[in-house]
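All figures in this text were calculated on a predicted structure; none of them were measured in a lab.
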Number of protein chains: 2
Amino acid sequence: MRQGGDYARDANKRPTIEMVAQRAGVSRQTVSNAANAPHRLRPETLKRVLGTIDELGYRPSHAARSLRTRATGVIGCRLLPSNYGGTGGVLDRLLHALCDAARSSGYNVLAFSVDTDDEEIGVFDDLLRRNAVDGFVLANTHHGDVRPNWLLDQGARFVAFGRPWGVEHPRHSWVDVDGARGTSEAVNHLAGLGHTRIGFLGLGEGNGVGDDRYHGWQRAMDDMGLPVKGLVARAEDGIASGKALAEQMMDAPQPPTAFVCVSDAMAIGALRAAEDRGLAGGRDISIVGFDDSPVASVIRPRLSSLRQPVEGVAHKIVEVLLSELNGTQRRPSRVLLAPWLVRRESTGECSSVSVSATIPQKGRQQRKSPST
Amino acid sequence: MRQGGDYARDANKRPTIEMVAQRAGVSRQTVSNAANAPHRLRPETLKRVLGTIDELGYRPSHAARSLRTRATGVIGCRLLPSNYGGTGGVLDRLLHALCDAARSSGYNVLAFSVDTDDEEIGVFDDLLRRNAVDGFVLANTHHGDVRPNWLLDQGARFVAFGRPWGVEHPRHSWVDVDGARGTSEAVNHLAGLGHTRIGFLGLGEGNGVGDDRYHGWQRAMDDMGLPVKGLVARAEDGIASGKALAEQMMDAPQPPTAFVCVSDAMAIGALRAAEDRGLAGGRDISIVGFDDSPVASVIRPRLSSLRQPVEGVAHKIVEVLLSELNGTQRRPSRVLLAPWLVRRESTGECSSVSVSATIPQKGRQQRKSPST
DNA sequence: TAGTTTTTTTTGAACGATCAAGTCAGCCGG
DNA sequence: CCGGCTGACTTGATCGTTCAAAAAAAACTA
């Protein structure tokens with residue numbers, strides 16, 4: 001009976017490899033081998049040792065193993081602020097998926113939250129110096145990103161979610177979603193509904209993600225022989241911004257009957273602009289967002305949006321990172337996955353049938369994919 | 001020059017305490033003391049050693065220190081599925097705040113994603129056996145929750161976010177948000193706008209969080225001498241559910257002019273119900289949600305909602321958990337923090353002024369807080 | 001059976017830190 | 001001049017694992 005009602009903490013210390021060894025009548029190393037290199041044991045011994053391990057509920061100490069092998073089984077990942085509206089929600093979903101994927105490979109995820117890339121490098125530095133992680137997942141890559149080079153200089157292992165925008169010959173692995181393919185698909189979808197004047201609401205030039213999604217729209221419009229003049233507007237992300245851009249475009253002599261948007265926030269902005277002039281989304285005007293953020297399925301009309309295959313991304317990231325850690329990897333991998341369109345109420349048949357029939361439509365169903 | 005263009009990984013191994021010691025002309029232990037017990041060194045020596053530490057960029061190896069001290073500096077936390085609509089978003093925000101708070105105390109957060117409480121216990125078991133974490137943060141407590149007792153039995157340290165609902169004498173620390181106080185405040189706010197028939201849309205009885213928020217509404221209504229009969233409806237969480245409940249209540253002979261809702265999902269449901277019968281939220285009917293989820297500020301009308309002080313919660317959780325780890329803590333702490341009302345368009349002056357003036361209103365401004 | 005190879009198991013030595021106990025000055029009081 | 005005391009630093013042991021090499025046991029070979 002312990003004095004003072006202390007928690008029963010160190011009453012039974014967790015079993016060590018030595019205890020298992022004694023109980024099974026073998027040496028430490030044999031127990032270690034039973035777990036790490038079973039083929040080295042005689043079947044009979046193996047069975048006995050595994051039995052004892054199970055009986056005592058033994059698991060190797062993380063610290064001890066990590067000290068010896070210099071591997072931690074931990075992946076570091078920055079927790080990005082969930083800016084709903086923008087690319088919001090996607091990164092939260094990614095983290096979930098990453099944890100899942102990592103755990104099923106015996107890894108864990110160490111999450112940290114910082115405000116700037118510089119602070120992030122500070123955390124990288126700390127974690128690397130302490131040998132607290134094996135590698136990193138880098139999210140939200142952008143033009144002029146200093147993080148990849150810093151990591152490369154340190155000889156650290158990592159995989160980026162997002163392409164190294166603006167870098168000629170990237171020296172690191174990345175996994176990304178093919179935004180261009182997404183916006184292409186959106187154009188195809190809208191054209192299939194009879195729309196011919198399909199506008200694009202995008203981000204200011206120079207934003208990698210924004211440019212990618214823009215090019216997809218442009219390529220699809222060209223391929224189908226649809227006009228693009230006066231149908232592009234680009235600015236910073238946000239509902240207000242999207243609304244302003246949409247209003248401007250709708251005031252033109254030949255307004256679009258549909259919008260493909262670089263984000264759900266822009267799409268919601270466009271929806272608001274339409275509402276303000278009495279147009280109903282999905283009936284009088286069709287709108288497609290990007291990222292399928294939580295709001296998409298809640299607002300009215302429910303918003304059609306391009307959903308990123310986050311689980312697939314996470315799976316690939318972990319796969320690539322692990323092969324990078326094993327040293328199996330000779331040269332960096334590049335993986336591009338396709339998003340898919342979630343069709344909801346905000347997209348419908350084109351109501352203004354005036355010109356649509358006269359426009360030639362070539363290559364309606366094409367699905368050329370630039371993925372790896 | 002290394003063959004095959006290998007990454008410059010093990011070129012310069014990270015400095016160990018021994019290297020620092022040699023370079024500074026002292027022993028290992030002195031270096032260790034410089035960092036952990038500076039008062040033991042002569043100022044002169046201290047300066048020299050710290051200089052060398054800085055020069056070499058030395059940080060103690062996480063594994064080695066953890067092996068010796070049996071402390072990891074890591075806190076485990078389950079990543080809950082972000083069910084937007086329900087209590088959604090709050091837990092994502094909490095995780096961010098937790099990482100922040102932990103890091104500023106020199107701790108890190110290990111995130112893992114599981115689907116059920118049983119699986120969560122499995123992860124706890126694994127992490128404890130491997131000695132991979134010092135403690136846990138337990139979110140989403142509920143009636144009949146088996147996790148706290150399991151953890152207590154293991155002698156594990158943890159702090160719950162959420163009260164141990166239905167437990168007489170909880171033997172563990174917890175931090176929670178005072179839901180009752182929140183709904184009380186919502187009632188006060190609405191009454192201040194002239195509303196007298198204020199309905200409550202809640203969760204089915206037996207849900208701790210739901211009951212708490214319900215009681216707050218009820219108490220405030222009683223305190224103000226407002227009628228409650230026929231103004232309560234409770235069911236499972238969700239937009240559809242909220243809509244159905246609101247419709248039912250609005251069909252009654254004396255319909256409410258305002259709703260206090262247990263969640264934003266319910267509130268959105270109520271908003272939809274109102275829209276369907278031509279009532280404008282914020283003008284013809286007022287609605288308050290709970291949790292201030294991302295959608296709240298995006299939908300139209302923008303939804304007034306009770307925001308949980310997530311940063312404060314995270315701060316407290318870390319504070320309590322650390323004192324629990326230090327053994328400073330003799331008995332479990334209970335901390336209750338107040339949410340605050342974010343006023344947006346969905347709440348406005350009561351338009352039907354028929355009866356409101358005749359109802360007596362006692363104790364309008366009271367703010368009794370049951371917090372610790 | 002002895003010699004050789006192969007398989008199986010054990011023994012010492014790390015990994016890099018901290019704890020506990022040591023040494024070695026210098027100081028003080030008697 | 002000696003014993004005790006304090007402050008500043010050092011030395012050995014230890015945490016629990018895995019690696020590398022040695023030893024023992026088993027299995028072939030001739």
At under 4.0 Å, does any side-chain N or O of A:T45 touch on OP1 or OP2 of C:dT9? yes

Considering all heavy atoms, the nearest A:S104-A:A101 contact: OG-O, 3.0 Å

Taking for each residue the nucleotide of DNA chain D bearing the nearest heavy atom, is the 5' side occupied by A:E18 or by B:L41? B:L41

So B:N36, base contact, sugar-phosphate only, or nothing? Heavy-atom distance under 4.0 Å. sugar-phosphate

Heavy atoms from C-beta onward define the side chain here; which of C:dC15, D:dG16, C:dA17 lies closest to that of A:R70? C:dC15

Go through the side-chain N and O atoms of A:T72 and A:D134 and say whether any donor and acceptor fall under 3.5 Å apart. yes

Side chain of B:T69 only, please: which of C:dT11, D:dT17, C:dT18 is the nearest? C:dT18

Nearest whole Å is fine: how far is C:dG16 P from A:R129 CZ? 16 Å

To the nearest Å, how far apart are B:R59 CZ and C:dA17 P? 13 Å

Check this for me: does the side-chain of B:R28 come within 3.5 Å of the base of D:dG12 through a donor and an acceptor? yes

Would you say a side-chain N or O of A:R65 is under 4.0 Å from OP1 or OP2 of D:dT18? yes

Once you round it to whole Å, what is the distance between P of C:dT18 and CZ of B:R40? 12 Å

Between D:dT17 (P) and A:Q29 (CD): distance, integer Å: 12 Å

Carboxylate-amine/guanidinium contact B:D145 B:R163, below 4.0 Å: no

Whole-Å gap separating C1' (D:dT10) and CD1 (B:I17): 13 Å

Measuring to OP1 and OP2 of C:dG16, would you say a side-chain N or O of B:Y58 lies under 4.0 angstrom away? no

Counting the atoms with a prime plus P, OP1 and OP2 as sugar-phosphate, which does A:R130 contact under 4.0 Å by heavy atoms, base, sugar-phosphate, or nothing? nothing

Taking it one step at a time, do B:H39 and B:N33 satisfy side-chain hydrogen bond (donor to acceptor under 3.5 Å, both in side chains)? CA-CA 8 Å; B:H39 61 275; B:N33 285 337; over 6 Å; no

Using a strict threshold of under 4.0 Å (side-chain N to carboxylate O), is an ion pair present between B:E324 and B:R157? no

Please test B:F158 against B:V137 for side-chain contact (heavy atoms from CB on, under 4.5 Å), starting from the C-alpha separation and ending with a verdict. CA-CA 6 Å; B:F158 70 101; B:V137 174; over 6 Å; no

Whole angstrom is fine here: how far is it from CD1 in A:I53 over to P in D:dT17? 10 Å

Looking at every strand, decide which applies to A:S61 at a 4.0 Å heavy-atom threshold: base, sugar-phosphate, or nothing. sugar-phosphate

At under 4.0 Å between heavy atoms, what does A:S27 touch on the DNA or RNA strands: base, sugar-phosphate, or nothing? base

Could you tell me how far apart B:L67 (CG) and C:dC19 (P) are, to the nearest whole angstrom? 12 Å

Nearest-Å distance, CG (B:N33) to C1' (D:dT11)? 13 Å

Answer with base, sugar-phosphate or nothing: what part of the nucleic acid does B:T30 contact at a heavy-atom distance below 4.0 Å? base

Going by modelled atom types, is there a donor-acceptor pair between the base of C:dA14 and the side chain of A:R68 at under 3.5 Å? yes

